[in-house]
**Q** 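Following this message is one structure expressed as structure tokens.
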Amino acid sequence: MRSYTLIAPAKINLYLEILGDRPDGYHELAMVLQSINLTDKINLRSISTDTIRVHCEHPQVPMDKSNLAYRAAALMTAEFPAAFAQYGGVEITIQKQIPIAAGLAGGSTDAAAVLVGLDLLWKLGLTQSELQELAAQLGSDVPFCVAGGTAIATGRGDQLSPLPSLDNLYVVLGKYRSLTVSTPWAYQTYRQQFGSSYVTDTQSLESRARAVHSEAIVKAIIHEDGVEIGQRLHNDLERVVLPEYPQVLQLRQVFQDNGVLGAMMSGSGPTVFGLCESYAQAQQVQQQVRAAIPDPDLDLWLAQLCSTGIQVASSH
Ligand code: C5P
């Protein structure tokens, strides 16, 4: 096979709690991550030169070394020089549908697709945990994006415990096209404002991370109780992002006023999602939010929660 096309789903956070600081400068987190079927399509093609090339028609996606998909390919060439020498370079074409800098792990999922795709293209036969170890070198959300589904994530976000899948629920996502939030800014601001209440000793951090397994939202997921999940959505980063971006706060309120099971910002935002119990409800919510906010800068998507991470769509 000389070419693989992969489907890379976005993620939302159903739960995000910031526990404390880590010695590596990141934060200790307790999260519940969920894949949704809003996806990018990534094609990987072996090329005869020994270069990595990235193509993407989206004007805000860089095509140079700053693209996380490029860095994923560079990591693979460094880790597997014999395969790189044997198969040559790779051309990566990204068809972007997931909005960027949106709190939906769009860049992370593209990078995960490059790892999975090069493993196939170069016939490396890596296990899922080997792929996730490589993924952790690229970003905190990349290991989750490899496997996808529903999972508790602790540590930097890279320690994963799978949960039963939740494919029967839907979300309507809303994002102002002109609005992006920097993830480092959101975490740094949180540290400045709330760092004094961080858990500092290792034992307490470990027990707080373990406690997420018995959080009400995790029980609700295990019982597939959409109503309860909607009520238990939680994201600490809302405390810094919502006051700074009143439009996001208002969007969240409009979702709540239109009968969703729950509404929340995903990750560091600024995407807001409304959780819905059926496709029909999601369609209705999408229309109602559009009617309430006719601003053409607001993009809305309807997606289903899904139990898959990176999937192969085709190979040639
Ligand atoms: O790992 P990733 O590159 O996605 O993280 C982006 C930024 O988010 C980091 O540079 C850091 O500022 C912040 N972050 C954090 N703690 C985490 C994950 C991310 O502080 N566990």
Side-chain angles (χ1 to χ4, degrees), residues 8-35 40 60-62 64-75 98-115 131-148 151-161 180-200 202 204-206 208-212 234-241 244-245 265-271 309-310:
K11 69 93 190 134
I12 54 172
N13 297 78
L14 298 176
Y15 187 87
L16 191 163
E17 188 184 354
I18 299 176
L19 304 180
D21 270 321
R22 290 168 56 89
D24 59 11
Y26 282 67
H27 284 89
E28 284 291 336
L29 304 175
M31 302 191 284
V32 177
L33 302 176
Q34 173 65 55
S35 300
D40 287 347
Q60 284 161 285
V61 174
D64 60 11
K65 293 181 184 182
S66 66
N67 188 310
L68 201 56
Y70 182 102
R71 281 169 29 214
L75 175 66
I98 305 169
I100 65 158
L104 299 174
S108 298
T109 198
D110 296 348
V114 170
L115 297 181
L131 284 166
Q132 287 179 325
E133 262 175 53
L134 292 165
Q137 297 180 44
L138 296 164
S140 311
D141 288 337
V142 188
F144 170 76
C145 293
V146 171
I152 292 173
T154 54
R156 243 177 77 204
D158 56 344
Q159 303 299 312
L160 301 169
S161 308
T180 54
V181 173
S182 148
T183 304
W185 170 84
Y187 278 101
Q188 275 158 28
T189 308
Y190 192 90
R191 183 184 283 123
Q192 279 159 16
Q193 292 186 12
F194 305 107
S196 58
S197 60
Y198 281 2
V199 177
T200 48
T202 317
S204 308
L205 273 174
E206 280 169 9
R208 287 285 291 276
R210 270 196 307 276
V212 69
H234 176 84
N235 183 353
D236 275 339
L237 289 173
E238 286 191 330
R239 297 169 78 186
V240 290
V241 179
E244 187 73 19
Y245 297 92
M265 189 182 80
S266 180
S268 54
T271 304
I310 307 302

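When a ligand or atom number is given, it counts from 1 through the structure's own listing order.
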**Q** Is a side-chain donor or acceptor of T271 paired with a backbone partner of A102 at a separation under 3.5 angstrom?
**A** yes
**Q** Compare V142, T183, D141 and give the one whose heavy atom is closest to atom 6 (C) of ligand 1.
**A** T183
**Q** Show me which atoms of ligand 1 lie under 4.0 Å from any heavy atom of G139.
**A** 1 (O)
**Q** Kindly confirm or rule out an N or O of Y187 lying under 3.5 angstrom from an N or O of ligand 1.
**A** no
**Q** Evaluate the side-chain proximity of F194 to I18: yes if any heavy-atom separation is below 4.5 Å, no if none is.
**A** no
**Q** Check whether any side-chain heavy atom of N13 sits under 4.5 Å from a side-chain heavy atom of L237, and report yes or no.
**A** no
**Q** Quick one: are V241 and W185 in side-chain contact, heavy atoms under 4.5 Å?
**A** yes
**Q** Heavy-atom distance under 4.5 Å between the side chains of T154 and L29, does that happen here?
**A** no
**Q** For residues S266 and G103, report the shortest heavy-atom separation together with the two atoms involved.
**A** OG-O, 2.8 Å
**Q** Quick one: look up the protein heavy atom nearest atom 4 (O) of ligand 1 and list residue, atom name and how far away it is.
**A** S140 N, 3.8 Å
**Q** Closest non-hydrogen protein atom to atom 10 (O) of ligand 1, residue and atom name please, with distance?
**A** P184 CG, 4.0 Å
**Q** Holding to salt bridge (Lys or Arg N to Asp or Glu O under 4.0 Å), I want the full list of residues that pass it with R208, two or more places apart in sequence or in another chain.
**A** E17
**Q** Taking 4.0 Å as the limit for heavy-atom contacts, which would you say applies to Y26 with ligand 1: side chain only, backbone only, both, or neither?
**A** both
**Q** Under 4.0 Å from a heavy atom of H27: give me the atoms of ligand 1 that qualify, with their elements.
**A** 15 (C), 16 (N), 17 (C), 20 (O), 21 (N)
**Q** Flag Q188 as yes when one of its N or O atoms lies below 3.5 Å from any N or O atom of ligand 1, and as no otherwise.
**A** no
**Q** Counting from 1, what ligand 1 atoms have a heavy atom of L29 closer than 4.0 Å?
**A** 17 (C), 21 (N)
